[in-house]
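In what follows, chains are A, B, ... by sequence order, proteins preceding strands, each numbered from 1. Treat the numbers as computed from the prediction; the structure is a model and nothing was measured.
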Amino acid sequence: MTEHRFVDILRGKFEVGHTVTVEGWVRTRRDSKAGLSFIHLLDGSCFDPLQVVVPSSLPGYQETVLKISTGCALRVEGELVASQGQGQSVELLAKHIEVVGWVDDPETYPMQAKRHTMEYLREVAHLRPRTNIIAAVTRVRHCLAQAIHRFFHERGFLWIHTPIITASDAEGAGQMFRVSTLDLAALPRTEQGAVDFSRDFFGREAHLTVSGQLNVEAYCLALSRVYTFGPTFRAENSNTRRHLSEFWMVEPEIAFADLQKNVALAESFLKYIFAALLHERADDLAFFRNHVDKTCQERLEKIVSSSFEVIEYGEAVERLLASKKKFEFPVSWGIDLQSEHERYLSEELIGGPVAVINYPKQIKAFYMRQNEDGRTVAAMDILAPGIGEIIGGSQREERLSVLDARLDEMKLPKQEYWWYRDLRRYGTVPHAGFGLGFERAIQYATGIDNIRDVIPFPRAPRQADF
RNA sequence: UCCCGUGUAGCUCAGCCGGUAGAGCAGGUGGCUGUUAACCACCGGGUCGGGGGUUCGAGUCCCUCCGCGGGAGCCA
């Protein structure tokens, strides 16, 4: 592994005249019979390639250099020189080239130095990180992940590794994947003929988690400021550009806090991570701005620079009605806002990010705190121009009697929630939190249409080949 | 899961009213050039997603299955 990374070379960390050794993969080779070959090499450390100039006088030029094709892995030792051409300030004048890995058959190498469709790239997910777009997404993803951890760490939040496997099937957020070691061809049965899960690995039914929230609440009510950031699973047969079967979610939870503090946290959180991205990945964002979505950068700048408005759900409904705008789904108090409503609110009526709070309780989850009016809960959705809902959260119901009444009302099995209810019996406090779909945040930041292109190896119905 | 669309060369696509296939890029060879997705010429490359049907004849029409994409629902 070389210490001479392209990001450092191209930023001028090493002076012209220095001898460096670089390692990377070939994007293109162009030959000049005037006695030169140009090789664009990528090492992933930044968006731009390093141009390697190979004089035909280099030993092995005919037999080796002229056979180098897109995708070959090279180690090149040479001298940094000022570029005589356009497009780069420095380039590497090769003194020695070693082909570390050849491409078997250049004609059928799946990654050509040209534009591919995103659909095709998904079929070669093991090679697509060699493209500009997926490499850029990967760096953006990393940058945002680091910024998320940094944001919370700087504010004294503890990262809680909530379990991936959950014994509860009552989290109520969609279809779950079953975790089992039972022999599917010979399932143990109870006397009544049902599958006998007491003989399964955990002695009961188990699934992959659909949310870390319930578990993280337990840690919140001891350590005050906590968050989860990890994979989450949904077995819904939904085939859209916004859904994955396996995705990552960020879920902070704060104790001694109400909905207002939750909104404030969400606002500073989004501003922090997007500011970090604007600052650290200007090269990749420029690519997305120029080739994917003209508006993605200004969207981020808008979030960072504008203060979030907060409006009541009831007021949002009234303003939507007063707008006289024709929606596909008509608006009335009690409906869940559709994506078209959310976007109209933030884009037209507010003209910026907005937190809509206090939704009707019948369209929200059981754990959300009931308001004094008896018909709304302390929920919040952060709506952003260009995408709609980017964050959803709530103040949690901390009063056991109210929580129990809600569980009964929604016909949920109270005994399944015994430990969650315990938290309300032993030193309960007002607390709140929210969830951010990590991939959706990346989509928002990059303008990439399909969520399958912002995660390294997407899992979706009938899609787990890699 | 439902609705719509789509599947032709390694990739991106064209292929009319049914008459057994074409371009650009990629690859090979040669030419040319401090080149930037280089350019020019030539060459090789296809079981037209699978199965069935109609027809003298199907890439083309019909049925069916599969894959993929978009939308809806569900949601993050």
Give a yes or no on whether the backbone of [Y] and the side-chain of [X] come within a donor-acceptor separation of less than 3.5 Å.
X: A:R459; Y: A:L244; answer: no
X: A:E389; Y: A:S339; answer: no
X: A:Y313; Y: A:G334; answer: yes

Please determine, by modelled atom types, if A:Y367 and A:Q213 share a side-chain donor-acceptor pair under 3.5 angstrom.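 Side-chain D/A pair, A:Y367 to A:Q213: present.
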Just by distance, with hydrogens left out, do A:Q463 and A:R452 show a side-chain donor and acceptor under 3.5 Å apart?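 Yes, A:R452 and A:Q463 have a side-chain donor paired with an acceptor closer than 3.5 Å.
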Taking only the side-chain heavy atoms of [X] (C-beta and beyond), determine which of [options] contains the nearest atom.
X: A:E236; options: B:C11, B:G67, B:C74; answer: B:C74
X: A:E119; options: B:G69, B:C11, B:C75; answer: B:G69
X: A:R122; options: B:C74, B:G69, B:G71; answer: B:G69

Phosphate oxygens OP1/OP2 of B:C68: is one of them under 4.0 Å from a side-chain N or O of A:N239? no
Counting only side-chain N and O atoms of A:Q338, is one of them less than 4.0 Å from OP1 or OP2 of B:G73? yes
First of A:L436 and A:D449 reached from the 5' end of RNA chain B, by closest nucleotide: A:D449
Between A:N450 and A:G435, which residue's closest nucleotide on RNA chain B lies nearer the 5′ terminus?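 In this pair, the answer is A:N450.
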If the [atom1] atom of [N] is compared with that of [M], how far apart are they to the nearest Å?
N: B:U64; M: B:A21; atom1: P; result: 29 Å
N: B:G67; M: B:G51; atom1: C1'; result: 15 Å
N: B:G70; M: B:C56; atom1: C1'; result: 41 Å
N: B:A38; M: B:C25; atom1: P; result: 12 Å

Base versus backbone protein contacts along nucleotides 31-43 of chain B [heavy-atom cut-off under 4.0 Å; B, S, -]: -BBBBB-B-----
Contact class for [X] (heavy atom, under 4.0 Å): base, sugar-phosphate, or nothing?
X: A:L244; result: base
X: A:T240; result: base
X: A:R242; result: base

So, is B:C43 syn or anti if syn means the angle is within 90° of 0? anti
side-chain hydrogen bond (donor to acceptor under 3.5 Å, both in side chains) contacts in which one or both residues fall within residues 39-51 of chain A, not counting sequence neighbours: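 Pairs touching residues 39-51 of chain A that pass the test: A:R30-A:H40, A:R30-A:Q51, A:H40-A:Q51, A:D43-A:S45, A:Q51-A:E91.
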Within 45 degrees of the axis of the six-membered ring of A:F247 and under 6.0 Å from its centre: does A:R234 put its NZ or CZ there? no
Report yes if a donor N or O on one partner sits less than 3.5 Å from an acceptor N or O on the other, where the partners are the side chain of A:H243 and the base of B:C75; otherwise report no.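 Between B:C75 and A:H243, which were checked side chain against base, a qualifying N/O pair under 3.5 Å is present.
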In whole angstrom, what separates A:M118's CE from B:G70's C1'? 15 Å
Using Watson-Crick geometry (N1-N3 plus N6-O4 or O6-N4) or G-U wobble (N1-O2, O6-N3), each under 3.5 Å, B:C48 is paired with none
